[in-house]
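This report concerns only the one structure given below.
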Amino acid sequence: MVILFTDFGSSDLYVGQVKAVLAQSSPGITVIDLLHDVPNFQVGAGAHLLAAMSDRFPKGNVFMAVVDPGVGSSRQPVVMAVDGQFFIGPDNGLLSVVAARTSQRNFWRIDWRPETLSQSFHGRDLFAPIAAAVASGTFPHDKLTSIDQLNVQLDAEDLFEVIYIDHYGNAMTGLRVAALSYDAKLSVNGLSLQYVRTFSESPEGDMFWYENSLGLVEIAVNCGSAALKLELVVGQAIAVV
């Protein structure tokens with residue numbers, strides 16, 4: 001199974017092209033659209049989202065993760081194996097939080113280049129064929145070179161920032177609830193927010209934080225948009241009081 005995690009946009013023209021290459025390279029392969037609306041160009045936010053979301057999948061899957069503002073530059077394309085899962089993507093920090101939070105990891109640089117390689121669409125031309133090969137059970141050793149570690153390694157500690165805003169206006173943060181207690185208060189744009197277990201326990205229109213389905217701190221308004229009410233954007237700093 002190939003699991004796609006990108007900032008390509010759910011309604012844009014890029015995802016379909018990637019899926020076409022996957023289907024051509026490995027007919028019958030199962031493809032899951034995990035997320036195509038990772039905040040544009042936000043490698044750090046994407047790295048923490050990927051770590052939280054990939055943790056929910058069983059072993060043996062292949063993640064093609066592409067948030068790649070440096071596409072076409074000297075940044076390296078890589079394959080990473082961690083705790084029974086494979087990740088294919090750019091070596092720009094996007095895979096580094098997953099790597100740092102796992103105990104078993106191996107890395108390879110992708111040396112292979114297709115005959116036709118768009119300088120702006122490595123997701124389609126470079127990463128998708130490699131992801132299809134790995135998912136089909138034919139590990140492409142002849143196209144890779146083993147490396148000791150990733151070149152770009154982001155801080156894998158909890159990120160005290162908003163990393164994703166959904167269409168409801170709920171603001172997901174890079175802070176794992178396991179790192180704090182439920183009586184903690186969050187300071188956001190000068191306001192103090194308390195923990196609420198679930199939306200129905202808060203009056204309509206009230207602001208609060210809760211533990212979302214990924215185990216992350218999320219800021220919300222019952223039947224409203226926290227992003228609008230608190231003027232939140234991806235990268236917005238939060239603090240624990």
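Keep in mind the model is a prediction, meaning the values are calculated, not measured.
Distance CD1/Ile130 to CE/Met64: 11.5 Å, rounded to 0.5 Å. For the atom pair CG of Leu22 and OG1 of Thr30, the computed distance is 11.0 Å after rounding to the nearest 0.5 Å. To the nearest 0.5 Å, the span separating CG on Leu193 from CG on Leu230 amounts to 6.0 Å. Summarising the geometry, atom CG belonging to Asp37 is positioned 10.5 Å from atom CZ belonging to Phe5; distances are rounded to the nearest 0.5 Å.
Neither side chain, Ser10 nor His36, offers a donor N or O lying under 3.5 Å from an acceptor on the other. For Thr145 and Asp111, the side-chain atoms include at least one donor-acceptor pair closer than 3.5 Å.
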Checklist entry - After noting the C-alpha distance and the side-chain angles of Phe121 and Tyr14, does the key distance pass the ring pair (Phe, Tyr, Trp, His ring centres under 6.0 Å) rule? => result CA-CA 9 Å; Phe121 202 178; Tyr14 305 109; 5.5 Å; yes
Next on the checklist: Does Arg105 form a salt bridge (Lys or Arg N to Asp or Glu O under 4.0 Å) with Asp83? I'd like the steps, not just the answer.
Outcome noted: CA-CA 7 Å; Arg105 45 191 178 265; Asp83 291 344; over 6 Å; no
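The side-chain heavy atoms of Val97 and Arg101, taken from C-beta on, include a pair separated by under 4.5 Å. Counting only heavy atoms from C-beta outward, the side chains of Ile110 and Arg113 approach each other to under 4.5 Å. Considering only heavy atoms from C-beta on, Phe87 comes within 4.5 Å of Ser54 through its side chain.
No donor-acceptor pair closer than 3.5 Å links the side chain of Asp7 to the backbone N or O of Val67. Checking side-chain atoms of Asp91 against main-chain N and O of Asn151 turns up a donor-acceptor pair under 3.5 Å. Not one N or O on the side chain of Trp112 forms a donor-acceptor pair closer than 3.5 Å with the backbone of Pro140. Distance alone, capped at 3.5 Å, places no donor-acceptor pair between the Gln236 side chain and the Ala171 backbone. At distances below 3.5 Å, at least one donor-acceptor pair connects side-chain atoms of Thr102 with backbone N or O atoms of Val98. Side chain of Ser96 to backbone of Leu154: a donor-acceptor contact under 3.5 angstrom is found.
Counting non-hydrogen atoms of neighbouring residues, nucleotides and ligands closer than 6.0 angstrom, the NZ atom of Lys185 reaches no more than 12 such neighbours. Within a 6.0 Å sphere centred on CD of Gln119, heavy atoms belonging to other residues, nucleotides or ligands number more than 12.
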Could you list the donor-acceptor pairs under 3.5 angstrom formed by side chains in residues 211-227, with sequence neighbours left out?
unit_1	atom_1	unit_2	atom_2	d
Glu211	OE1	Tyr182	OH	2.7
Asn212	OD1	Leu214	N	2.9
Asn212	OD1	Gly215	N	3.2
Asn212	OD1	Leu216	N	2.9
Asn212	ND2	Glu218	OE1	2.8
Glu218	OE2	Tyr210	OH	2.7
Asn222	ND2	Phe199	O	3.3
Asn222	ND2	Ser202	O	2.7
Ser225	OG	Ala227	N	3.4
Ser225	OG	Leu228	N	3.1

